[in-house]
Amino acid sequence: MSDSARPDIAGLDPVHPIQTARLTLRPFTVSDFDDLYAYQSRPDVARYLHWDARDRAQARQALDRQCREASLDAEGDWLTFAVVLREGSRVIGEVGLKWLSREHRQGETGFVFNPGYHGRGLATEAAGAMLTLGFDTLGWHRIIGSCDARNQQSVRLMERLGMRQEAHFIGSEFVKGRWADALVYATLDHEWQAGRAKRP
């Protein structure tokens with residue numbers, strides 16, 4: 001689709017669930033609490049995030065919020081999906097898209113996964129599906145991702161997706177009592193389309 005033909009989407013209530021080879025991506029439900037708490041309560045998961053490992057009450061609040069993040073209606077909104085491994089029907093993480101700019105057709109992606117499922121390409125599979133949603137369905141031109149510079153797992157994931165590092169901000173965030181560097185990665189719609197043949 002050419003740039004001039006891209007739809008001016010005022011909001012999005014996406015068709016779901018989204019199916020990939022091994023995963024189902026769908027809105028969160030209250031019944032996902034135990035699986036979500038299993039990873040949001042882990043200090044190793046929260047280590048490089050802006051929130052600390054969550055107790056049950058904090059995880060319940062997070063789930064209540066994420067259950068409402070099922071559509072994009074305005075700039076600044078997050079669309080957050082539970083990542084369900086169909087083999088076993090467990091929620092193994094979460095992926096999201098944030099609508100940054102209507103005028104410039106830009107968004108942001110984010111992801112959090114249970115370390116017990118690392119090393120199988122599942123996070124790449126889920127995050128790639130969200131980029132496809134952003135570019136193919138929403139008609140976005142550019143999607144970014146950011147992380148703490150020490151978070152090499154997130155760095156490697158974004159690089160596997162074909163995103164390139166665009167910025168390294170030195171001491172730009174005060175996180176958990178210390179100044180941290182932040183990395184910003186990005187990819188454009190035509191780059192994502194051109195890379196389809198190279199991705200599994």
Side-chain angles (χ1 to χ4, degrees), residues 14 16-72 76-98 107-131 133 144-161 163 172-185:
H16 52 72
I18 296 173
Q19 305 286 357
T20 68
R22 296 172 290 175
L23 305 170
T24 299
L25 312 183
R26 58 157 175 79
F28 275 95
T29 68
V30 294
S31 64
D32 295 324
F33 175 77
D34 288 340
D35 288 345
L36 177 135
Y37 178 69
Y39 64 87
Q40 288 199 357
S41 62
R42 293 179 56 150
D44 55 342
V45 169
R47 181 179 180 186
Y48 299 122
L49 302 177
H50 286 215
W51 42 270
D52 292 313
R54 289 170 170 157
D55 60 25
R56 294 184 70 85
Q58 291 167 332
R60 181 71 68 185
Q61 290 177 342
L63 178 60
D64 289 345
R65 183 186 68 253
Q66 290 172 222
C67 285
R68 296 191 298 270
E69 294 175 340
S71 64
L72 293 170
D77 285 353
W78 272 100
L79 173 70
T80 304
F81 281 155
V83 180
V84 181
L85 181 62
R86 288 200 295 276
E87 177 188 336
S89 301
R90 296 290 301 275
V91 175
I92 64 170
E94 58 203 62
V95 288
L97 291 174
K98 183 179 182 180
E108 179 178 358
T109 190
F111 38 82
V112 182
F113 281 85
N114 187 324
Y117 296 90
H118 285 178
R120 299 169 57 182
L122 296 167
T124 304
E125 188 173 322
M130 294 303 279
L131 290 181
L133 175 65
I144 69 166
S146 62
C147 68
D148 188 303
R150 298 168 295 169
N151 190 347
Q152 287 303 299
Q153 288 182 324
S154 288
V155 166
R156 288 193 293 270
L157 172 54
M158 289 187 283
E159 290 177 347
R160 284 196 300 271
L161 292 169
M163 303 178 81
S172 60
E173 298 179 329
F174 193 71
V175 181
K176 300 176 181 175
R178 58 159 289 173
W179 289 105
D181 293 5
L183 301 178
V184 176
Y185 280 74

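Residue numbers run from 1 in the order of the sequence given.
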Inset, instruction - Decide yes or no on side chain to side chain contact (heavy atoms under 4.5 Å, CB included) for Phe111 and Met130, but give the supporting numbers first. - result: CA-CA 10 Å; Phe111 38 82; Met130 294 303 279; over 6 Å; no
Inset, instruction - Please report the closest heavy-atom contact between Ser154 and Asn151, naming both atoms and the distance. - result: OG-ND2, 3.0 Å
Legend entry - Check: Arg26 side chain, Gln19 main-chain N or O, donor-acceptor pair, under 3.5 Å: no
Legend entry - Test item: Thr109 side-chain N/O and Ile144 main-chain N/O as donor-acceptor pair under 3.5 Å: no
Inset, instruction - Measure the shortest side-chain to side-chain distance between Pro17 and Phe81 over non-hydrogen atoms and say whether it is less than 4.5 angstrom. - result: no
Inset, instruction - Supply the atom-to-atom distance Met163 CE to Leu183 CG, rounded to the nearest 0.5 angstrom. - result: 12.0 Å
Legend entry - Interatomic distance, Asp35 atom CG to Asp32 atom CG [nearest 0.5 angstrom]: 6.5 Å
Inset, instruction - Determine whether the side chains of Gln58 and Gln40 contain a donor N or O and an acceptor N or O closer than 3.5 Å. - result: no
Legend entry - Atom of Arg86, atom of Ala21 and distance for their closest heavy-atom approach: NH2-O, 2.8 Å
Legend entry - Residues forming a ring pair (Phe, Tyr, Trp, His ring centres under 6.0 Å) with Tyr185, sequence neighbours excluded: none
Inset, instruction - For Arg65, check side-chain contact (heavy atoms from CB on, under 4.5 Å) against everything at least two apart and list the hits. - result: Arg54, Ala62, Arg68, Glu69
Inset, instruction - Evaluate the side-chain proximity of Leu122 to Val83: yes if any heavy-atom separation is below 4.5 Å, no if none is. - result: no
Legend entry - Shortest non-hydrogen contact between Pro43 and Ser41, atoms and distance: CD-O, 3.5 Å
Legend entry - With Asp52 via side-chain contact (heavy atoms from CB on, under 4.5 Å) - residues at least two apart: Lys176
Inset, instruction - Would you check if Leu85 and Leu23 make a side-chain contact, meaning some heavy-atom pair closer than 4.5 Å? - result: yes
Legend entry - Arg47 vs Arg150 side-chain heavy atoms within contact, under 4.5 Å: no
Legend entry - Trace of the side chain to side chain contact (heavy atoms under 4.5 Å, CB included) decision for Glu125 with Leu25: CA-CA 11 Å; Glu125 188 173 322; Leu25 312 183; over 6 Å; no
Inset, instruction - Taking all non-hydrogen atoms of both residues into account, name the closest pair between Leu161 and Leu131 and its distance. - result: CD1-CD1, 4.0 Å
Legend entry - Interatomic distance, Arg22 atom CZ to Arg120 atom CZ [nearest 0.5 angstrom]: 6.5 Å
Legend entry - Sole residue of Asp34, Asn114, Val84 in side chain to side chain contact (heavy atoms under 4.5 Å, CB included) with Val91: Val84
Inset, instruction - Would you mind reporting whether Phe113 and Val95 have side-chain heavy atoms less than 4.5 Å apart? - result: yes
Legend entry - Min side-chain heavy-atom separation Leu36-Arg60 under 4.5 Å: no
Legend entry - For Gly116 against Arg42, the heavy-atom pair lying closest together: N-NH1, 4.2 Å
Inset, instruction - Could you note down all residue pairs passing ring pair (Phe, Tyr, Trp, His ring centres under 6.0 Å) where residues 24-46 supplies at least one of them, sequence neighbours left out? - result: Phe33-Tyr37
Inset, instruction - Return the set of residues passing ring pair (Phe, Tyr, Trp, His ring centres under 6.0 Å) with Tyr48 (not counting sequence neighbours), or none when no residue passes. - result: none
Legend entry - Set of side-chain contact (heavy atoms from CB on, under 4.5 Å) partners for Arg156, sequence neighbours left out: Gln152, Gln153, Arg160
Inset, instruction - Mind listing the closest non-hydrogen atom pair of Leu79 and Ser71 along with its distance? - result: CD1-N, 3.6 Å
